[in-house]
Amino acid sequence: MERPFAGKVAVVTGASRGIGRATAIALAEAGAKVVLAARSTSQSPGKLPGTIDETARQIEAIGGVALAVPTDVSRDDEVEALVERTLREMGQVDILVNNAAINYPYLLVETPMRRWDLVLNVNLRGTVLCTKAFLPYLLERRQGTIINLSSYLAVVPFPRTLAYSVSKIAIEKFTEGLGKELAGTGVSVNCLRIEVNIATEGWTYLNPNVDTSSWEKPEVAAEAILWLAAQPPSFNGRIVTIEEVRNLRAQAPS
Ligand SMILES: NC(=O)c1ccc[n+]([C@@H]2O[C@H](COP(=O)([O-])OP(=O)(O)OC[C@H]3O[C@@H](n4cnc5c(N)ncnc54)[C@H](OP(=O)(O)O)[C@@H]3O)[C@@H](O)[C@H]2O)c1
């Protein structure tokens, strides 16, 4: 089996379930050592299925190397500890996937400000915090890449999802601006804007009466994230959908 990420260390936030778990497993299959960051652990599971310890076991079962680090990405001290353990136990960092996110599916008038703040803190601040924390170590080695996650809800107005939408369009702007700052450094940042519904534990839970049988699988997003992670540093500051990634892949010389 081809192992294009052999020798690389990848950090995936929100790796306890859904797209984060699928991405972590796909990276491990492709040879990367993977650091799994989320809040749910076997000691302290969340209300939805999936923990970072289960993801680690799945990776180890296929012969991969995983390090589960309980992390709330909105907390400075926990992100600092994530960086510290990554460097101490894995030696380096090459890929950061800022995947962790939450939604609060209520109208604005029903949304307490502490909920608004929580969505912005996890999705936007968490992405910025993890990026800022790992970036010096990527820049030091003049290599590596950051992949942020956005959604069609960043650009398509939709009720009951305002804080989430605002966080995602801000992540896109953050990606574009940081891309300019990183130009020529050997380090890149890009954003995958997922334009389809993906049947994950979280998104399915938030859509209880919806037929999800036509929704895509998390592996579809993972495949696009791995493609982004494999691009040269000149591919930088871009926001691409899954379909755009497929088209770019089809154009690339084999
Ligand atoms: N599914 C879709 O159709 C879809 C569409 C567009 C974009 N996306 C984007 O894709 C990404 C993954 O979505 P998903 O559907 O896989 O979501 P999900 O099933 O709800 O999983 C979310 C992940 O984020 C983690 N997380 C939440 N709060 C966290 C915190 N404070 N600190 C650390 N980790 C936290 C969760 O782990 P813990 O609870 O264990 O912390 C979980 O692992 C998100 O950025 C989402 O916006 C998804």
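Counting starts at 1 for both ligands and their atoms, following the listed order.
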Compile the donor-acceptor pairs under 3.5 Å between side chains in residues 108-117 and protein atoms, sequence neighbours left out, one pair per line.
from: Glu110; atom 1: OE1; to: Leu107; atom 2: N; distance (Å): 3.0
from: Thr111; atom 1: OG1; to: Leu107; atom 2: O; distance (Å): 2.8

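The salt bridge (charged side-chain N to carboxylate O under 4.0 Å, His left out) analysis of residues 52-63, with sequence neighbours excluded, yields no pairs. Among pairs with a residue in residues 164-178, those fulfilling salt bridge (charged side-chain N to carboxylate O under 4.0 Å, His left out) read Glu172-Arg193, Lys173-Glu176, at least two apart in sequence or across chains.
Between the side chain of Thr55 and the backbone N or O of Ala15 there is at least one donor-acceptor pair closer than 3.5 Å. In this structure, the side chain of Asp94 does not engage the main chain of Gly144 through any donor-acceptor pair within 3.5 Å.
Scanning all heavy atoms of the two residues, the minimum distance from Ser74 to Asp72 falls at OG-OD1, 2.8 Å.
Residues lining ligand 1 at a heavy-atom distance below 4.0 Å are given as Gly14, Ala15, Ser16, Arg17, Gly18, Ile19, Ala38, Arg39, Ser40, Thr71, Asp72, Val73, Asn99, Ala100, Ala101, Ile102, Val122, Leu149, Ser150, Ser151, Tyr164, Lys168, Ile194, Val196, Asn197, Ile198, Thr200, Glu201, Gly202, Trp203, ordered by chain and residue number.
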